[in-house]
Amino acid sequence: MALVKGTYLVLGNWKMHLTRDAARHLARRIASANAAGVDVGLAPAFVHIQSVREAIAGSEVLLGAQTCHAQPEGAFTGEVSAPMLADMGCAFVILGHSERRQMMHESDAAVKAKAEAALAQGLHVVLCVGETLGQRESGAYREVIEGQLHASLPDAFDRDRLTVSYEPIWAIGTGRTASLDDISAMHAHIGEVLASRQGGGALPRVLYGGSVKANNALDILSLPVVDGVLVGGASLDADAFTTIIGAAGASAQKR
Ligand code: PGA
């Protein structure tokens, strides 16, 4: 059975935030917010995975992580492997987030190796791609995204095992979102690249990420090419995140 079943996928990336109690409390609030046709997932820091697992037990919320190592085990101080995440009950893992690509110098090849490792454990991969402001302004951003996809996608993937998240780096944590036209154009482009790589069948979902908030989620989710959102800052606020889930639910009714 497919992990992601609904029309929309709404993911919260908690990054390096929250104490254990705050994570538990927030997870409980989110677990009580249901919307038909919407799958919700949370990616807490590694140390909070168990607490969040307990807090969302019995709900439909999917548990995830923000990265993993490409090797199943070994002398890699500070790292966490895909088998460990699967063992902890994680259903998905975010890979290639721009913060990891930029701050941790993760290359496309490294992201691909992680994606292969995650898929081998049955984890659903949420693969992030995005261009910098300089790349956007140079006009070459379509090629940048295409290059990232070709070099970081696993060799074999499908809709049940992989989701792509388009996250323009200049929109992350800046309060500046891509325009609806920009999002539509890039999502369509990503769809073409995915189609060229996949032998056939339903293409992976494409999420948008980058300053998604309670007040812009409905517009973004109403775009026909948007299959959900990856939310950073606003996922730390129960009211904002549940409003975004509600917006996805409202859009799902119209599709
Ligand atoms: P943001 O982060 O919603 O705070 O812009 C998005 C992300 O990094 O996935």
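Note that ligands are numbered from 1 as they come in the structure, with each ligand's atoms numbered from 1 the same way.
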K15 versus ligand 1: do any nitrogen or oxygen atoms come within less than 3.5 Å of each other?
yes
Looking only at non-hydrogen atoms, the one of G232, G175, S98, G209 nearest atom 3 (O) of ligand 1 is G232
heavy-atom search around atom 7 (C) of ligand 1 in the protein gives H97 NE2, 3.4 Å
Residues D160 and H124: closest non-hydrogen pair is O-ND1, 2.9 Å
Looking only at protein heavy atoms, what sits closest to atom 9 (O) of ligand 1 is E167 OE2, 2.9 Å
(message) Taking only non-hydrogen atoms of A171, do any sit less than 4.0 angstrom from ligand 1?
(response) yes
contact_flag A234 ligand 1 heavy-atom lt 4.0 Å:
no
All heavy atoms of Q135 vs all of T132, minimum pair found to be OE1-N, 2.9 Å
The atoms of ligand 1 lying under 4.0 Å from a heavy atom of G210, numbered in the order shown, are 5 (O)
Residue pairs meeting side-chain hydrogen bond (donor to acceptor under 3.5 Å, both in side chains), one or both in residues 181-191, sequence neighbours left out, come to R142-H189, E146-H189, S179-D182
Under 3.5 Å, side-chain donor or acceptor atoms of residues 218-247 against the rest of the protein: list the pairs with distances, not counting sequence neighbours.
{"from": "S222", "atom 1": "OG", "to": "L218", "atom 2": "O", "distance (Å)": "2.6"}
{"from": "D227", "atom 1": "OD2", "to": "V206", "atom 2": "N", "distance (Å)": "2.8"}
{"from": "S235", "atom 1": "OG", "to": "V231", "atom 2": "O", "distance (Å)": "3.2"}
{"from": "S235", "atom 1": "OG", "to": "G232", "atom 2": "O", "distance (Å)": "2.7"}
{"from": "D237", "atom 1": "OD1", "to": "D239", "atom 2": "N", "distance (Å)": "2.9"}
{"from": "D237", "atom 1": "OD1", "to": "A240", "atom 2": "N", "distance (Å)": "3.0"}
{"from": "D239", "atom 1": "OD1", "to": "R29", "atom 2": "NH2", "distance (Å)": "2.8"}
{"from": "T242", "atom 1": "OG1", "to": "A238", "atom 2": "O", "distance (Å)": "2.7"}
{"from": "T242", "atom 1": "OG1", "to": "D239", "atom 2": "O", "distance (Å)": "3.1"}
{"from": "T243", "atom 1": "OG1", "to": "D239", "atom 2": "O", "distance (Å)": "2.7"}

If you scan protein heavy atoms around atom 4 (O) of ligand 1, the nearest is G233 N, 2.8 Å
Problem - Whether over 12 other heavy atoms sit under 6.0 Å from Q50 CD - result: yes
Looking only at heavy atoms, the pair that brings S81 and C68 closest together is C-CB, 4.2 Å
Legend entry - Charged N-O contact under 4.0 Å between R101 and E106: no
Under 4.0 Å from one or more heavy atoms of G173, ligand 1 contributes atoms 1 (P), 4 (O), 5 (O)
Within 4.0 Å of some non-hydrogen atom of L230, the atoms of ligand 1 are 9 (O)
